[in-house]
There are 2 protein chains.
Amino acid sequence: MGRNTEQRDAIRAVFEASARPLKPEEVLVLAQAFVPALGVATVYRNLKRLCETGELRTVELPGHRTTLYESAQLDHHHHFHCQDCDRVFDVDVCPGSFTSQLPPGFQVNRHDLVLYGACPDCTA
Amino acid sequence: MGRNTEQRDAIRAVFEASARPLKPEEVLVLAQAFVPALGVATVYRNLKRLCETGELRTVELPGHRTTLYESAQLDHHHHFHCQDCDRVFDVDVCPGSFTSQLPPGFQVNRHDLVLYGACPDCTA
DNA sequence: GTGATAATGATAACTCGATATCATGTCAAT
DNA sequence: ATTGACATGATATCGAGTTATCATTATCAC
């Protein structure tokens, strides 16, 4: 169980080359540069599998109808969502912990921050 | 243009009584306590309308496939999502703007912050 | 190389939130 | 009370995203 296929390698390559989380649809298009005949089903199958093996992780962004995926090896970071082109970028800003500013009893394990606005391509 | 209906009043009442953002489906069920025959289409029509009149606003939360709605009279705030009981709380913390910390060209209009952890009830 | 079988690709089918349709009901100005 | 425009409710429809089906292909242990 677990054969290596060129399709899966293509999908891995796509995530190594990407600076931002990707939708399944984007993965499909990008990976077709390596394997033109790649099909949708294979993309979904492999995204699921690569998450199970810990190579990828899911990213859930507000307002996005679909789940995005990114390499699981990335450091803690947040996301910038361009309201014009709808792409999502990784950004390094982080507001830090909030536990001290919350009412007693609230314990923060994790936080998600999403910035919305215009990316450099769309500002121009 | 603009008649008052008991359906719309019921939907208003639901939001006044709610301490958290609601899905259209939740609004439907809750408002049916006032108007049992209330239909889905009416909920969607009125959510849209109430947003246009400025009474409600939309809230987008990660992991939610649908748009949520809340009263527009609430001050700027963020949300705390309890991972145990799955409830969403309003919290007053705010990380402020980030534009200065971003690469040039990124322009921030808005941000969403979601904290995940345990609420007072679940910490005990 | 061979063969068992895992993986793929094309496509149909499904999910589910949201919208469109349209006959019926209701609000409110008169 | 009348009436016409607006709102409603049941249902069909839409559409994006995802999954299921299944015949075909490709991987890899041997």
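Note: hydrogens, waters and symmetry copies are ignored here, and every other heavy atom, side chains too, is used. Owing to the predicted nature of the structure, the values given are computational and were not obtained by experimental measurement.
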For a quick check of understanding: with a heavy-atom distance under 4.0 Å over all strands, which category does A37(B) fall into, base, sugar-phosphate or nothing?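 Sugar-phosphate contact only.
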By nearest nucleotide on DNA chain D, pick out whichever of R45(A) and E25(A) is the more 5' one.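 First, find each residue's nearest nucleotide; the 5'-ward one identifies E25(A).
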Could you give the [atom1]-to-[atom2] distance, from [X] to [N], as a whole number of Å?
{"X": "E6(A)", "N": "dG9(C)", "atom1": "CD", "atom2": "P", "value": "8 Å"}
{"X": "L50(B)", "N": "dA7(D)", "atom1": "CG", "atom2": "C1'", "value": "13 Å"}
{"X": "I11(A)", "N": "dG9(C)", "atom1": "CD1", "atom2": "C1'", "value": "13 Å"}
{"X": "R8(A)", "N": "dT27(D)", "atom1": "CZ", "atom2": "P", "value": "11 Å"}
{"X": "K48(B)", "N": "dC6(D)", "atom1": "NZ", "atom2": "C1'", "value": "16 Å"}
{"X": "R49(A)", "N": "dT19(D)", "atom1": "CZ", "atom2": "C1'", "value": "17 Å"}
{"X": "R65(A)", "N": "dT19(C)", "atom1": "CZ", "atom2": "C1'", "value": "12 Å"}
{"X": "R3(B)", "N": "dC27(C)", "atom1": "CZ", "atom2": "C1'", "value": "5 Å"}

Measure from the ring center of F106(A) to the ring center of F89(B) and say whether it is less than 6.0 Å. yes
Please confirm whether the shortest side-chain N or O distance from [X] to OP1 or OP2 of [N] is below 4.0 Å.
{"X": "T42(B)", "N": "dG9(D)", "answer": "yes"}
{"X": "Y44(A)", "N": "dT18(D)", "answer": "yes"}
{"X": "N46(B)", "N": "dT8(D)", "answer": "yes"}
{"X": "Q7(A)", "N": "dT25(D)", "answer": "no"}

E26(B) (side chain) donor-acceptor with K23(B) (main chain) under 3.5 angstrom: yes
Between H78(B) and L113(B), is there a donor-acceptor pair closer than 3.5 Å when you use the side chain of the first and the backbone of the second? yes
Whether the T53(A) and E55(A) side chains hold a donor-acceptor pair (N or O, under 3.5 Å, no angle test) is what I'd like checked. yes
The answer to which of T5(B) and V40(B) contacts DNA chain C further toward the 5' end, by nearest nucleotide, is V40(B)
Does atom CG (D92(A)) have a neighbourhood of more than 12 heavy atoms from anything else shown, all under 6.0 Å?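 Open: at most 12 neighbouring heavy atoms sit under 6.0 Å from CG of D92(A).
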Which of the following nucleotides, dT18(D), dG9(D), dC28(D), is nearest to the side chain of N4(A)?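 Of all the options, the side chain of N4(A) is nearest to dC28(D).
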